[in-house]
Amino acid sequence: MHKESHMMSYGYTPEWSEGSVKPPIFQTSTFVFKTAEEGKRFFEVAYGKSELNAKEEIGLIYSRINNPNMQILEERLAILEGSESAAAFESGMSAISTTMLSYLKPGDVLIYGNPVYGGTHHFITHFLKDIGVKILPFSSTTKNDEILKQLKTKEFSGTVKMIYFESPANPTNTLFDLEELHKLKSTLNSKLNNDVMLIMDNTYLGPIWQSPLKFGVDAVCYSATKFLNGHSDVIAGCVMGSKSVISQIKTLRTFLGSMIAPYTAWLLTRSLETLHLRMSKQGENAEKVVDFLIKHKSIKAVSFPGIESMGTQQNEIFKRQCKGAGAMISFDVYGGEKEAFRVLNKLKLIKLAVSLGSNESLAQHPHSMTHADVPDDIKEKLGINKGLIRLSVGIENVNDIINDLNQALKEI
Ligand SMILES: *Cc1c(COP(=O)(O)O)cnc(C)c1O
């Protein structure tokens, strides 16, 4: 069966709940064991003292460790990503921070791609740096040799434990080359006799338009708040990868307590039922909006995966590793902040708000909003200009979205 067909019922049996066609919300903190022996066995497995044998299933213990809503959701997330396993979290940031802390300790080296989501940037450059993790940024144009050369300096003595990045990067839609980054990982592993984790944030294109695990990425992180939930009413996150990687991350999740709550998991499970429909429509709408923006005389540049102006290097990567261009468009208006604000203030249908991937269209100004914390010189280098507007395209009638943009662009 296809992935979208599994989203309606996989991992749930109506007999568990009076024949209820959909899983109810298991709003409980704890679960009753049939016998003391059973409780003992469940804990042995949950705390990693013993492995499950082939016929055994892990029993329900306590909702910080496991809960039916979390498990059903995780099984469906793994199907969508084509991974062995998945872990669900109460936010994208808790998915990302728990993943990083599962592998990094003081003295280790983290190599990270710029730009990354603002919250991730803060976690890396403040928290991880403060606890003694050595952080080395790179960009989509940095050659592997340059990174290897920098790692030879004293500042980065220590074991490289992780390469972390986003593709396309927010808000510029810049793609990173998965083959090159996998080569970097392999080189580091052979040189250092090491096990470097290659971790990617797949929020922008996954799981429909991009499958990084097929390119040797070890785990993908998501803000499930975005496309996966798609209704702007939930904050959630997840990580997908092999059983062993996810099991290590889940162990730390249990002790940090960053797991998804039953109600959040239930809402997200409901959203996954329409994921293919929503994302397909958003993608179709975005293509038409891009066609309109490219031709508009008030617009200096449009950033969208696969369009000619992105250049041959970017489009070569796009063809190799993406199945679609997504629904996130960035465009520069002529002028700067004043002109961009005039357009944003005039939008009627499109809401002026951060966040993305939802069924309603949203627009914001990265320079002064989501990326306010990034130093100005880095913003300039990365192309986060004062005239840049980031647009997340929803499922409204595309003519209404285009008409809204058209009337707002008349302001400049
Ligand atoms: C929103 C976002 C995050 C953070 O997720 P939350 O659900 O807000 O915690 C991480 N990465 C990307 C690319 C995002 O867009």
Side-chain contact test, heavy atoms from C-beta onward, threshold under 4.5 Å: evaluate it for Leu188 versus Ile111 and give yes or no. yes
Please name the pair of heavy atoms, one in Cys238 and one in Leu77, separated by the smallest distance, quoted to 0.1 Å. CB-CD1, 3.7 Å
Could you walk me through whether Ser258 and Thr98 pass the side-chain hydrogen bond (donor to acceptor under 3.5 Å, both in side chains) test, one step at a time? CA-CA 8 Å; Ser258 48; Thr98 306; 3.1 Å; yes
Polar side-chain atom of Thr153 near backbone of Lys149 as donor-acceptor pair, under 3.5 Å: no
Aromatic ring pairing His122/His126, orientation class (parallel under 30°, perpendicular over 60°, tilted between): parallel
Answer yes or no: are there more than 12 heavy-atom neighbours, outside Arg270 itself, under 6.0 Å from its atom CZ? no
Audit row: Ser247, Ser244, side-chain hydrogen bond (donor to acceptor under 3.5 Å, both in side chains) steps and yes/no: CA-CA 5 Å; Ser247 142; Ser244 68; over 6 Å; no
Quick one: are Leu60 and Asn67 in side-chain contact, heavy atoms under 4.5 Å? no
Take the angle between the ring planes of Tyr263 and Trp266 and call it parallel below 30°, perpendicular above 60°, tilted in between. parallel
Would Lys105 and Asp108 count as a salt bridge (Lys or Arg N to Asp or Glu O under 4.0 Å) here? Give the steps. CA-CA 6 Å; Lys105 58 179 194 316; Asp108 289 342; 3.6 Å; yes
Start with the C-alpha distance between Ser303 and Ser330, add both sets of side-chain angles, then the distance that settles side-chain hydrogen bond (donor to acceptor under 3.5 Å, both in side chains), and finish with yes or no. CA-CA 5 Å; Ser303 226; Ser330 289; 5.8 Å; no
Can you name the closest pair of heavy atoms from Val116 and His371 and give their distance? O-NE2, 4.1 Å
Ser102-Arg253 side chain donor-acceptor pair, cut-off 3.5 Å: no
Polar side-chain atom of Lys379 near backbone of His367 as donor-acceptor pair, under 3.5 Å: yes
Any sub-3.5 Å donor-acceptor pair from Gln210's side-chain atoms to Ser167's backbone N or O? yes
Has the side chain of Asn66 got a donor or acceptor atom that lies under 3.5 Å from a matching backbone atom of Gly59? yes
One pair to check against side-chain hydrogen bond (donor to acceptor under 3.5 Å, both in side chains): Thr174 and Gln314. What are the steps and the verdict? CA-CA 7 Å; Thr174 311; Gln314 283 287 303; 5.3 Å; no
d(Ile249 CD1, Met100 CE) to nearest 0.5 Å is 11.0 Å
Residues Asp195 and Lys161 bridged, charged N to O under 4.0 Å: no
With a 3.5 Å cut-off and no angle check, do the side chains of Ser223 and Thr203 form a donor-acceptor pair? no
Please lay out, stage by stage, how Lys351 and Glu360 fare under the test salt bridge (Lys or Arg N to Asp or Glu O under 4.0 Å). CA-CA 8 Å; Lys351 299 281 178 293; Glu360 78 284 321; over 6 Å; no
Audit row: Lys40, Glu37, salt bridge (Lys or Arg N to Asp or Glu O under 4.0 Å) steps and yes/no: CA-CA 5 Å; Lys40 176 183 174 181; Glu37 288 76 12; over 6 Å; no
Any donor-acceptor N/O pair, Asp332 side chain to Ile389 backbone, under 3.5 Å: no
Once the angle between the rings of Phe127 and Phe123 is folded into 0 to 90°, is it parallel (under 30°), tilted (30 to 60°) or perpendicular (over 60°)? parallel
Any side-chain donor paired with an acceptor under 3.5 Å for Glu81 and Ser211? no
Please say whether more than 12 non-hydrogen atoms of neighbouring residues, nucleotides or ligands are located less than 6.0 Å from CD in Glu380. no
Taking atom types as modelled, find out whether Ser271 and Asn229 have a side-chain donor-acceptor pair closer than 3.5 angstrom. yes
Taking Leu178's backbone N and O only, do any of them form a donor-acceptor pair with Gln321's side chain (distance below 3.5 Å, no angle check)? yes
Would you say that Glu75 contacts Ile79 through its side chain, given a criterion of any heavy-atom pair below 4.5 Å between the two side chains? no
Salt bridge present between Glu180 and Lys183 (N-O < 4.0 angstrom): yes
Side chains of Glu337 and Ser368: any donor to acceptor distance under 3.5 Å? no
Using atom types as modelled and distance alone, determine if a side-chain donor or acceptor of Asn403 lies under 3.5 Å from a backbone N or O of Asn399. yes
Do His365 and Phe341 have ring centres separated by under 6.0 Å? yes
N/O donor-acceptor pair under 3.5 Å between Ser358 side chain and Gly230 backbone: yes
On the ring face of Phe227, is Arg278 found with NZ or CZ under 6.0 Å from the centre and within 45° of the axis? no
Do Asp201 and Tyr222 get their side chains close enough for a donor-acceptor pair, meaning under 3.5 Å? no
Taking Phe138 as the fixed residue, which of Tyr112, Phe176, Tyr164 is the one that meets the ring-ring contact (aromatic ring centres under 6.0 Å, His included) rule? Phe176
May I ask you to decide whether Arg320 forms a salt bridge with Glu179, counting only side-chain N to carboxylate O separations under 4.0 Å? yes
Is any side-chain heavy atom of Lys250 closer than 4.5 Å to one of Glu74? yes
Return the orientation label for the Phe42 and Phe33 ring planes: parallel under 30°, perpendicular over 60°, tilted otherwise. perpendicular
Hey, does the Lys NZ or Arg CZ of Lys226 hover above the aromatic six-ring of Tyr117, less than 6.0 Å from the centre and inside 45° of the axis? yes
Determine whether Leu388 and Phe331 make a side-chain contact, defined as any pair of heavy atoms from C-beta on separated by less than 4.5 Å. no
Before you tell me yes or no, could you show the steps for Lys281 and Glu396 under salt bridge (Lys or Arg N to Asp or Glu O under 4.0 Å), namely the whole-Å CA-CA distance, both residues' side-chain angles and the distance that decides it to 0.1 Å? CA-CA 9 Å; Lys281 180 70 180 173; Glu396 301 95 339; over 6 Å; no
When you measure from the side chain of Thr274 to the backbone N and O of Leu277, does any donor-acceptor pair fall under 3.5 Å? no
Backbone of Lys243 reached by a side-chain donor or acceptor of Ser85 within 3.5 Å: no
